[in-house]
Amino acid sequence: WRKRILEISQRVSALHIAPAFSCTEITDAIYFDLLKYDKDEKPLDVFIMSKGHGCMIQYVILESLGILTSQDIEKYCTPGGILGAHPDYKTPGIDASTGSLGHGLGIATGQAYAEKLKSSDVVVYCLISDGELQEGSTWEALMMAANLNLTNLVVFVDFNDFGGLEPMSVGHPAFAPLVPKLSSFGWEVVEVDGHDGVSISKAVNNRSGLSPFLVVCNTVKGKGISFMENVPIWHYRSPDKDEFALAMQELSLDG
């Protein structure tokens with residue numbers, strides 16, 4: 001997935017590479033281990049990428065599933081294209097327009113409640129960034145989901161400890177510890193290596209089902225490319241030709 005995202009980066013000058021790389025394994029686990037599909041391979045569950053700036057990993061997975069085409073990808077952020085820098089509900093395979101951080105979990109909570117009222121077995125999965133935990137709307141949604149006992153809601157926090165410009169632990173020292181804070185809101189919470197897809201899926205499949213479930217995924221921003229890891233500028237820019245070649249080489253060496 002990272003190689004495909006890098007290929008796309010050579011068509012545009014600005015791309016949220018590092019945020020997509022930190023949630024690559026989380027998104028992969030959601031699509032290939034957790035979501036239920038019908039006989040036509042259409043998702044029966046819901047996935048909301050609240051961390052809208054991480055959408056490149058979602059786009060390349062949707063391309064692999066045949067939901068988006070290579071032409072869609074090639075027209076990323078260009079006139080006439082359907083793919084923007086954040087997910088849009090009008091795009092095939094996208095369940096909510098996101099990117100204004102702090103909104104996605106509220107949408108997911110509402111959808112999970114609607115499914116509960118219908119007594120359906122649909123599970124709503126939502127991926128949020130750690131930066132979204134700076135938004136009061138996120139904590140309101142956490143409280144409401146627990147009040148409504150939305151056992152069909154599963155949330156992943158991409159905890160890479162980085163906002164756009166600096167580590168969360170530096171700019172927001174009261175941010176941690178996350179697990180007890182989130183647990184105090186009435187959620188079942190576990191902590192895993194966010195780059196270990198097996199651990200992510202196992203955690204979700206082993207949940208008690210007695211309350212909303214949240215996975216704190218410890219990740220590295222820019223994971224997989226040494227010169228991108230935990231370097232703020234890669235939240236925004238695309239690599240030049242030399243950086244692209246070096247990044248592809250590193251990924252090839254990693255297998």
Side-chain angles (χ1 to χ4, degrees), residues 1-32 47-65 67-68 70 72-78 81-88 91 93-101 104 125-132 155-165 168 193-197 200 215 217-240 243-244 246-248 250-252 254:
W1 304 127
R2 291 180 171 89
K3 287 183 178 180
R4 182 60 172 139
I5 292 171
L6 282 169
E7 290 172 356
I8 299 166
S9 77
Q10 296 306 282
R11 301 192 185 98
V12 291
S13 60
L15 191 76
H16 293 298
I17 289 183
F21 281 8
S22 72
C23 63
T24 292
E25 286 78 15
I26 305 169
T27 311
D28 179 276
I30 292 170
Y31 274 104
F32 296 104
F47 171 44
I48 295 175
M49 173 72 86
S50 182
K51 179 188 172 177
H53 55 287
C55 64
M56 290 311 307
I57 178 57
Q58 188 176 23
Y59 291 163
V60 297
I61 288 178
L62 290 173
E63 179 191 25
S64 77
L65 294 172
I67 297 172
L68 294 176
S70 59
D72 294 330
I73 296 292
E74 288 168 4
K75 292 182 178 180
Y76 169 78
C77 276
T78 60
I82 64 172
L83 302 181
H86 297 89
D88 190 287
T91 303
I94 301 298
D95 288 325
S97 299
T98 60
S100 182
L101 298 182
Y125 297 95
C126 182
L127 171 58
I128 70 173
S129 64
D130 48 6
E132 289 182 80
V155 174
F156 304 86
V157 177
D158 181 4
F159 188 22
N160 58 37
D161 191 33
F162 251 90
L165 299 175
M168 301 285 290
D193 177 352
H195 298 299
D196 183 345
I200 294 167
V215 186
C217 299
N218 293 309
T219 61
V220 176
K221 195 160 188 175
K223 174 70 174 179
I225 308 299
S226 61
F227 61 85
M228 292 185 184
E229 291 185 355
N230 296 326
V231 178
I233 190 60
W234 294 107
H235 183 89
Y236 304 101
R237 63 166 286 215
S238 294
D240 61 27
E243 292 164 336
F244 168 75
L246 180 58
M248 293 293 278
E250 286 195 15
L251 291 178
S252 296
D254 288 342

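Positions are given from 1 along the sequence.
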Quiz item: Does a side-chain heavy-atom distance below 4.5 Å link M228 with E243?
Solution: no

Quiz item: Should the pair F156 and Y125 be assigned to parallel (<30°), tilted (30 to 60°) or perpendicular (>60°) ring geometry?
Solution: parallel

Quiz item: When V157 is tested against each of V215, L127, I128 for side-chain contact (heavy atoms from CB on, under 4.5 Å), which residue passes?
Solution: I128

Self-check item: CG-OG distance between N160 and S22, expressed to the nearest 0.5 angstrom
Solution: 4.5 Å

Practice problem: Kindly determine whether T219 and H195 satisfy side chain to side chain contact (heavy atoms under 4.5 Å, CB included), including the steps that lead there. | Solution: CA-CA 6 Å; T219 61; H195 298 299; 3.5 Å; yes

Exercise. Please check if the side chain of T27 supplies one atom and the backbone of Q58 the other of a donor-acceptor pair under 3.5 Å.
Key: no

Quiz prompt | Test item: E229 side-chain N/O and S226 main-chain N/O as donor-acceptor pair under 3.5 Å | solution = no

Exercise. With rounding to the nearest 0.5 Å, note down the distance linking OH in Y59 to OG1 in T91.
Key: 5.5 Å

Practice problem: Could you pull out the closest heavy-atom pair between I48 and A96, with the gap in Å? | Solution: CG2-CB, 4.1 Å

Quiz item: Donor-acceptor pair, S238 side chain versus V12 backbone, under 3.5 Å?
Solution: yes

Practice problem: Report the distance from atom NZ of K51 to atom CD1 of I26, rounding to the nearest 0.5 Å. | Solution: 7.0 Å

Practice problem: To the nearest 0.5 angstrom, please state how far the CG atom of D95 sits from the CZ atom of F47. | Solution: 9.0 Å

Quiz item: Which heavy atom in G224 sits nearest to a heavy atom in L251, and how many Å separate them?
Solution: O-CD2, 3.8 Å

Practice problem: On the 0 to 90° scale, with breaks at 30° and 60°, tag the W1-F32 ring pair as parallel, tilted or perpendicular. | Solution: parallel

Quiz item: Under 3.5 Å, side chain of D130 to main-chain N/O of D161, donor-acceptor pair present?
Solution: yes

Practice problem: Would you check if Y31 and L62 make a side-chain contact, meaning some heavy-atom pair closer than 4.5 Å? | Solution: yes

Self-check item: Heavy-atom side-chain contact between I200 and D28 under 4.5 Å
Solution: no

Quiz prompt | Spatial distance of atom OG (S9) from atom NE2 (H16) [nearest 0.5 Å] | solution = 13.5 Å

Exercise. Would you check, one step at a time, whether the test side chain to side chain contact (heavy atoms under 4.5 Å, CB included) holds for V220 with N230?
Key: CA-CA 7 Å; V220 176; N230 296 326; 4.0 Å; yes

Quiz item: So do the side chains of I8 and V60 get within less than 4.5 Å of each other, counting heavy atoms only?
Solution: yes

Quiz item: Where the side chain of T24 meets the backbone of I57, is there a donor-acceptor pair that is under 3.5 Å apart?
Solution: no

Practice problem: Please round to the nearest 0.5 Å and tell me the distance separating atom CD1 of I225 and atom CG of L6. | Solution: 5.5 Å

Quiz item: Given side chains that start at C-beta, do those of R237 and S13 come closer than 4.5 Å, heavy atoms only?
Solution: no

Quiz prompt | Residue pair Y76 / L15, side-chain heavy-atom distance below 4.5 Å | solution = yes

Quiz item: Does a side-chain N-to-carboxylate-O contact under 4.0 Å join E63 and R4?
Solution: yes

Quiz item: Of the non-hydrogen atoms in Q10 and P239, which two are nearest, and what is the gap between them?
Solution: NE2-O, 3.0 Å

Quiz item: Taking R2 for the side chain and A247 for the main chain, is one N or O donor matched with an acceptor at less than 3.5 Å?
Solution: no

Self-check item: Stepwise side chain to side chain contact (heavy atoms under 4.5 Å, CB included) check, E250 with F227
Solution: CA-CA 10 Å; E250 286 195 15; F227 61 85; 4.2 Å; yes

Self-check item: G52 to H86 - nearest heavy-atom pair and separation
Solution: C-CD2, 3.4 Å

Quiz item: Of the non-hydrogen atoms in C55 and G84, which two are nearest, and what is the gap between them?
Solution: SG-O, 4.0 Å

Quiz prompt | Closest heavy-atom pair and its distance - G131, M168 | solution = CA-CE, 4.0 Å

